[in-house]
Amino acid sequence: MGRTIVVANQKGGVGKTTTSINLSASLASLGKKVLVIDMDPQGNTTSGLGVEKDEVENTVYELLLGEKTIQECLQPEIFENLSILPSNVNLAGAEIELVGVEGKEYLLKNALDEIKGDYDFVIIDCPPSLNTLTINSMCAGDTVLVPIQCEYYALEGLSQLMHTIDLVKDRLNPELEIEGVVFTMYDARTNLSLQVVENVKNNLNQRIYKTIIPRNVRLAEAPSYGMPITKYDPRSTGAEGYRLLAEEVIHRGEEE
Ligand SMILES: Nc1ncnc2c1ncn2[C@@H]1O[C@H](COP(=O)(O)OP(=O)(O)O)[C@@H](O)[C@H]1O
Ligand SMILES: [Mg+2]
């Protein structure tokens, strides 16, 4: 049975989307069947994988509002082994339109249950907030993966995120676990990155991935070409980082 990993942190700019795209693509290139779901109205995972977000008609929005089925919304095999459920700015309206809808927390989960069996991994990219879209993601997920940017305020907001995960686990999805935290944008030339890693390790009682994603300009460039790092520059340090992370994610699943 496949594993659904929710990439969440309500802080913006910590590497959620970069991790969603490149972890998905790296898992796919290791032969795993992967579905990536873009739950952020910014649609950066969608465009970063080469899907024209402003032209796509069937998206997470149509799915959540019950206008389309998940089969109608997903785009199979945009790269080998990698399918996507795209989104765009329309999704920003869902929060309001779903007010008062009964069971709205489970809309994504219910849809995903129909097709989950077709994939080894489902990776869900969350928006930078703890809203209905993030709650839907956490209800649909098995685990939460938290990217932490190696910068001074890394720990800020993390206790709120952990609290939200606990609440979802208590009330909505008792199966939910924390996958672990992964450090992103590590800059080996500065002491700050090292200090942040040490500080978080000492203060956060969570599983931490051994793989640390380096700061690498190729990772920042790739989305403008609509390509994951596995295609854009497979020899870059960024590609190496996400490949190692993918291997660790696979192994962690096998341990359990
Ligand atoms: N490892 C990295 N090296 C260099 N730039 C990165 C790296 N990870 C993310 N970025 C860049 O940092 C910015 C924020 O990353 P993003 O993945 O969009 O974060 P989030 O989805 O959490 O808002 C983007 O411009 C992205 O290209
Ligand atoms: Mg993002």
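Since we're looking at a predicted model, the values are computed, not measured. Remember, it's 1-based here, ligands and their atoms both numbered in the order they're listed. Count residues from 1 along the sequence.
Cation-pi geometry between Arg3 and Tyr119 is not met at under 6.0 angstrom from the ring centre and within 45 degrees of the axis.
Under a 3.5 Å cut-off, the side chain of Ser193 and the backbone N or O of Asp187 do form a donor-acceptor pair. At least one donor-acceptor pair closer than 3.5 Å links the side chain of Asn173 to the backbone N or O of Met138. A donor-acceptor pair is defined here as one N or O able to donate and one able to accept, closer than 3.5 Å; such a pair exists between the side chain of Lys169 and the backbone of Leu176.
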Would you tabulate the polar-atom pairs, meaning N/O of ligand 1 against N/O of the protein, with distances under 3.5 Å, reported to 0.1 Å?
from: ligand 1; atom 1: 1 (N); to: Pro214; atom 2: O; distance (Å): 2.9
from: ligand 1; atom 1: 3 (N); to: Asn216; atom 2: N; distance (Å): 2.9
from: ligand 1; atom 1: 3 (N); to: Asn216; atom 2: O; distance (Å): 3.4
from: ligand 1; atom 1: 17 (O); to: Thr17; atom 2: N; distance (Å): 3.4
from: ligand 1; atom 1: 17 (O); to: Thr18; atom 2: N; distance (Å): 2.8
from: ligand 1; atom 1: 17 (O); to: Thr18; atom 2: OG1; distance (Å): 2.6
from: ligand 1; atom 1: 19 (O); to: Gly15; atom 2: N; distance (Å): 3.0
from: ligand 1; atom 1: 21 (O); to: Thr17; atom 2: N; distance (Å): 2.9
from: ligand 1; atom 1: 21 (O); to: Thr17; atom 2: OG1; distance (Å): 2.9
from: ligand 1; atom 1: 22 (O); to: Gly13; atom 2: N; distance (Å): 3.4
from: ligand 1; atom 1: 22 (O); to: Val14; atom 2: N; distance (Å): 3.1
from: ligand 1; atom 1: 22 (O); to: Gly15; atom 2: N; distance (Å): 3.1
from: ligand 1; atom 1: 22 (O); to: Lys16; atom 2: N; distance (Å): 2.9
from: ligand 1; atom 1: 22 (O); to: Lys16; atom 2: NZ; distance (Å): 2.9
from: ligand 1; atom 1: 23 (O); to: Gly13; atom 2: N; distance (Å): 2.7

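The distance from atom OG1 of Thr132 to atom CD of Glu97, rounded to the nearest 0.5 Å, is 12.0 Å.
The side chain to side chain donor-acceptor pair (under 3.5 Å) analysis of residues 237-247, with sequence neighbours excluded, yields the pairs Thr19-Tyr242, Glu240-Arg243, Arg243-Glu247.
With 2.8 Å as the limit, Thr45 does not count as an N, O or S neighbour of the Mg ion (ligand 2).
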